[in-house]
Amino acid sequence: MIKNFFNCKIYSMENDEIFTSMQIKNNEIVGLSIENIQNKNWLNIDLGGKFILPGFIDTHTHSFEGGLYSLGADLSHSKSIKDVLEIIESANPIGEMIFAFHFDENSIKEKRFPTIDELDKISPKIPLLLRRVDGHSCVINSSAKKLMLAENPNLNLQSQILTKEENDYAAHFFHKKVNLEGIESAYLNSAKIGINNGLTTIHTMIGDAAQNPLHFKWMKNNLTKFPLEFILYPQILNVKKAMELGADRVGGCILADGSFGSHTAGLTKPYFDQKENFGQLYQSNDFWIDFVKEAHDNDLQVGVHAIGDAAIEQILTAYEIAQKENPKDLRHEIIHCELTSDAQIERMSKANVSAVMQPMFDRLWGGRNGFYDKVLGAERTERTTRLKSIKTAGILLTGGSDFYITDLNPIKGIDAAERIHNINEALDRKEAVELYTINAAKLSHDEDRIGSIKIGKQADFIICQNDPFKLKSFLDLEISQVFKNGVKIK
Ligand SMILES: [Zn+2]
Ligand SMILES: [Zn+2]
């Protein structure tokens, strides 16, 4: 039977078209009209003047970690070491482990991480992982340390705060201990959070870069267990393995560099507050050139984490070389793409590179006297999260939360995109919504299937109580229902 939604305002996100009624059959949009039509053979649903948008798409998440950590201790509102310890103490262990995330030493009174001794006091036996908000450093308790050293006696776990390889190793050590039941509940939890915020599709990174795709294969075979759609990235540095896994793409947060927060993002000029420090480039130019070329030649889309301008330069150069030798429409991704020069933006456009960006990074760390200002100085801070310049250059620009780094909430992302601290880089409402709808669909070459309200496309849409394009603040958007493939999931 055809379901007819009428008496509503439908923002299609396709050529500025607005409709008043929409017919869906099974999972597909089969009719759209500017008239308030009804038919006695249809199931007619009067929406009483409500508003419809395409379902939102988040193009960059770590939904396994995000879903898992969200079941543990969220430290985003802690103001002191005492708060941190209390929140962790009351958190539920998951599979005999405790996960704590969203820790930011700059937001708490003492301006430091909790010590191993402090963590041992609240969790003497159960292994505990506390991750910094950017995911680029962590602290573990002694019980975790003991288990890790038993597995690998060569590890160097002397320092209180683990960074780089040790940080990756620690995170991976915890993640791989989660069983299939835990994995499923982590993704179900992410799906629940996402649907609540209007998401119908989520790109998610799976794997630990060091060649291990973790549960990628299991997810690929079990996608139908989840009420929304996950688009999978094998987050590994091994192209052959990605092909064996049957993936359409390779990469994710495989690291060209680290983060500003950990002073490890790769810069062409030193940090403002550490005059000798240029950050880190995790791989050589040749490594990326070979990696990208191999993926490109095998028709795999590539995604690489690049934050600082030196890291972006490396990845952009590798994409340019591959594209020049063998032009293809693969839409390779620079993920985060935070600090860019005008020249780099122009080159990205020419090389058909996409920018997968996190407007929330600017909301959290941008602006005068913000964290970026402190570590990069004013001039460079102005050149972070350059949404408008990137969009204007004709680059495919999409939005992602990088969940667990920021909330799995496109409403916050759209709001942040409209309010970029450097007003020259802020987007208007329509452009900001496009980041999470039609542009996002293009990133995975799915623009004929999802991302807008159009006849023949999948019936993925949200019903809002208030007008998304008339609201003063997008944060006030009220989503009452969410449909995926024509099925009501909220
Ligand atoms: Zn990421
Ligand atoms: Zn990343």
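Numbering of ligands and ligand atoms starts at 1, following listing order. Quick note: numbers below take in every heavy atom, side chains included, and nothing from hydrogens, waters or symmetry partners.
- Ring pair Tyr372/Trp365 is tilted by interplanar angle, where 30° to 60° counts as tilted.
- Residues His62 and His175 place their aromatic rings such that the two centres sit no closer than 6.0 Å.
- For the pair Lys111 and Phe113, the cation does not sit on the ring face, since its NZ or CZ is not both under 6.0 Å from the ring centre and inside 45° of the axis.
- Ring geometry for His296 versus His332: interplanar angle of 30 to 60°, hence tilted.
- For the Zn ion (ligand 2), the count of nearby protein N, O or S atoms, meaning those under 2.8 Å away, is 3.
- Judged by the 6.0 Å and 45° rule, Lys177 forms no cation-pi pair with Phe174.
- Figure legend: cation-pi geometry between Arg131 and Phe101 absent, as NZ or CZ is not positioned both under 6.0 Å from the six-membered ring centre and within 45° of its axis.
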